[in-house]
There are 2 protein chains.
Amino acid sequence: MTTDDLAQSLSRELRHLVLLLRRVAAGQPITSQQYAVLGSLESGPRRMTGLAEEHGVQLPTMTVQINRLEEPGLVARGTDPSDARVRTVELTEEGRARLVAVRRARVAYLTEQLEALTAEERAAIGAALPALAKLGDV
Amino acid sequence: MTTDDLAQSLSRELRHLVLLLRRVAAGQPITSQQYAVLGSLESGPRRMTGLAEEHGVQLPTMTVQINRLEEPGLVARGTDPSDARVRTVELTEEGRARLVAVRRARVAYLTEQLEALTAEERAAIGAALPALAKLGDV
DNA sequence: AGGCTAAGTTAGACTGACTAACTATGACGA
DNA sequence: TCGTCATAGTTAGTCAGTCTAACTTAGCCT
């Protein structure tokens with residue numbers, strides 16, 4: 001298979017995976033974007049700019065996201081004592097609990113889907129993950 | 001690796017792939033959703049209901065999408081002579097040209113990304129695609 | 001001090017998605 | 001054949017997510 005053929009197949013499957021992700025997110029108490037943001041806060045407070053860059057969105061977009069997470073008390077804004085321009089964002093206890101619960105549900109759903117495959121197919125996916133992780137890391 | 005571990009890794013990588021897809025779509029003259037709809041029309045006219053089901057969206061969502069594709073003349077609505085309730089949708093010449101052009105750009109982008117990997121990594125992705133394709137086909 | 005740069009927020013617009021309510025047509029039994 | 005119910009689609013209203021442009025505030029540097 002040429003790289004070009006592979007790119008065509010991958011292009012097709014990426015759309016498929018998007019639909020899968022949509023089903024993973026269905027019925028969750030937060031959207032997949034909110035989940036992703038909470039995940040970025042798991043290891044400690046972050047600044048707005050860092051979050052926006054990591055998620056590949058503009059700052060105003062992240063402002064909106066954090067506003068929506070702050071309103072129900074899942075995250076809290078703080079300040080950086082060394083630079084008054086910087087706003088920090090961190091998980092609240094409730095936000096951490098929500099993150100864990102949603103992650104559990106996501107993983108459970110994916111586990112269920114993976115169980116439907118053969119052991120060989122699961123192994124193939126596992127073997128491809130490192131390569132997929134590198135993909136697009138320009 | 002247990003299936004549960006695999007699910008966790010996959011959950012992480014899916015988010016990564018979403019960001020990749022976003023970059024693939026950046027700068028294209030149509031959105032990725034519009035591209036996907038045009039792709040569904042490549043093999044011939046379709047009815048609204050069929051398109052909505054294939055894309056996993058509600059009918060009103062597809063109405064809006066088709067409206068936006070019809071306005072610049074990329075698709076055309078028709079009727080089904082055997083059932084007056086049914087609206088058909090088909091590609092115009094311009095729509096087909098647009099589809100081909102966007103596909104070319106997408107594949108070129110992915111090819112470029114894949115070239116940055118080793119042959120082994122590309123092979124691993126290729127080997128996993130059939131399994132990924134099955135994933136979520138409930 | 002003055003002026004440039006950086007960090008965030010606000011405002012306005014657009015896409016994409018949903019549900020609810022509506023129109024128009026088809027199907028089927030009394 | 002007529003009434004009722006189901007099907008196909010559109011319209012209207014709402015919300016999340018994203019963008020750009022414009023603004024505010026704070027730091028930095030000469």
Side-chain angles (χ1 to χ4, degrees), chain A residues 15 18-40 45-72 74-90 102, chain B residues 15 18-40 45-72 74-90 102:
Chain A
R15 192 181 139 267
V18 166
L19 295 181
L20 174 66
L21 255 190
R22 198 176 292 167
R23 287 192 294 270
V24 172
Q28 291 298 317
I30 56 176
T31 67
S32 60
Q33 278 79 1
Q34 291 176 332
Y35 168 76
V37 172
L38 291 185
S40 296
R46 301 284 303 276
R47 48 159 62 196
M48 298 297 294
T49 308
L51 287 175
E53 275 170 11
E54 180 181 340
H55 290 257
V57 300
Q58 298 300 310
L59 250 189
T61 299
M62 192 50 67
T63 293
V64 172
Q65 294 284 16
I66 295 301
N67 285 346
R68 287 208 262 256
L69 288 168
E70 193 179 25
E71 196 270 326
L74 300 179
V75 306
R77 274 188 171 88
T79 52
D80 181 338
S82 72
D83 187 338
R85 292 170 303 177
V86 172
R87 307 302 314 269
T88 58
V89 185
E90 62 184 325
V102 171
Chain B
R15 192 182 139 267
V18 165
L19 294 181
L20 175 66
L21 253 192
R22 197 174 293 167
R23 287 193 292 273
V24 171
Q28 291 298 317
I30 55 176
T31 68
S32 60
Q33 278 78 0
Q34 291 177 330
Y35 169 74
V37 173
L38 291 185
S40 296
R46 300 285 302 275
R47 48 160 59 198
M48 298 297 294
T49 308
L51 287 173
E53 275 170 11
E54 180 181 338
H55 290 258
V57 299
Q58 299 300 311
L59 206 39
T61 299
M62 192 51 66
T63 293
V64 172
Q65 294 284 16
I66 296 300
N67 286 346
R68 285 207 264 255
L69 288 169
E70 193 180 23
E71 197 269 325
L74 300 180
V75 306
R77 274 187 171 90
T79 52
D80 180 339
S82 72
D83 187 337
R85 292 171 302 178
V86 172
R87 307 303 313 272
T88 58
V89 185
E90 61 184 326
V102 172

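Note that the structure is a prediction, hence the values are computed from the model and not measured. So that the names make sense, note that chain A is the first sequence line, chain B the second, and so on, each numbered from 1.
- Distance from the side chain of B:N67 is smallest to D:dT11 among D:dA16, D:dT11, D:dG9.
- Here the shortest heavy-atom pairing between B:V102 and B:Y35 reads CG1-CD1, 3.5 Å.
- Here CE of B:M48 is found 12.0 Å from CD of B:E53. Values are rounded to the nearest 0.5 Å.
- Within the 4.0 angstrom heavy-atom criterion, only backbone atoms of the sugar-phosphate kind lie near B:Q33; the bases stay farther away.
- Listed nucleotides: C:dT19, C:dT9, D:dA8. Nearest to the side chain of B:L59: D:dA8.
- Between B:R68 and C:dT15, a side-chain N or O to OP1/OP2 separation shorter than 4.0 Å is present.
- Residue A:D80 contributes atom CG, which lies 17 Å from atom P of C:dA6 at whole-angstrom precision.
- Between the C1' atom of C:dG8 and the CD atom of A:E53 lies a distance of 14 Å, rounded to the nearest Å.
- Here A:Q65 reaches the OP1 or OP2 of D:dT18: one of its side-chain N or O atoms lies under 4.0 Å away.
- A straight line from CZ of A:R77 to C1' of C:dT9 spans 8 Å, rounded to a whole angstrom.
- Place B:T31 and A:G50 on DNA chain C by their nearest nucleotides, and A:G50 ends up nearer the 5' end.
- Rounded to an integer number of Å, the gap from B:Q34 CD to C:dC14 P is 14 Å.
- For the pair A:S40 and A:H55, the tightest heavy-atom approach, listed with the atom from each and the gap, is OG-NE2, 2.7 Å.
- Residue B:T63 places no side-chain N or O under 4.0 Å from the OP1 or OP2 atom of D:dT11.
- As rounded to whole Å, 15 Å separates atom C1' of C:dG16 from atom CD1 of B:I30.
- Side-chain contact between A:R87 and A:T79 is present, with heavy atoms from C-beta onward closer than 4.5 Å.
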Find every protein N or O atom lying less than 3.5 Å from an N or O atom of nucleotides 22-28 of chain D, and list the pairs.
from   : atom 1 : to    : atom 2 : distance (Å)
D:dG27 : OP1    : A:A84 : N      : 3.0

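- Rounded to 10°, the helix from C:dA1-D:dT30 to C:dA30-D:dT1 has 0° between the axis fitted to its first five pairs and the one fitted to its last five.
- Taking OG1 of B:T49 as the reference point, atom CG of B:L59 lies at 5.0 Å (rounded to 0.5 Å).
- Nucleotide C:dT10 holds its P atom 10 Å from the CD atom of A:E70, rounded to whole Å.
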* **Verdict with reasoning, B:R77 to B:N67, per side-chain contact (heavy atoms from CB on, under 4.5 Å)** => CA-CA 9 Å; B:R77 274 187 171 90; B:N67 286 346; 3.0 Å; yes

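- Results of the side chain to side chain contact (heavy atoms under 4.5 Å, CB included) test with A:I66 over A:L74, A:T61, A:V37 single out A:V37 as the only residue that passes.
- Rounding to the nearest 0.5 Å gives a distance of 6.5 Å between CD of B:Q33 and CD of B:Q65.
- In this structure, A:T61 does not reach the D:dT18 phosphate: none of its side-chain N or O atoms is under 4.0 Å from OP1 or OP2.
- Between A:R46 and A:E54, some side-chain heavy-atom pair lies under the 4.5 Å cut-off.
- Between B:I66 atom CD1 and C:dA17 atom P there is a gap of 12 Å when expressed in whole angstrom units.
- Ranking C:dC18, D:dG9, D:dT20 by closeness to the B:T49 side chain, first place goes to D:dG9.
- Atom CZ in A:R87 sits about 16 Å away from atom C1' in C:dA6, given to the nearest Å.
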* Kindly indicate, with the supporting measurements, whether the criterion side-chain contact (heavy atoms from CB on, under 4.5 Å) is fulfilled by B:E71 and B:R68. => CA-CA 5 Å; B:E71 197 269 325; B:R68 285 207 264 255; 6.0 Å; no

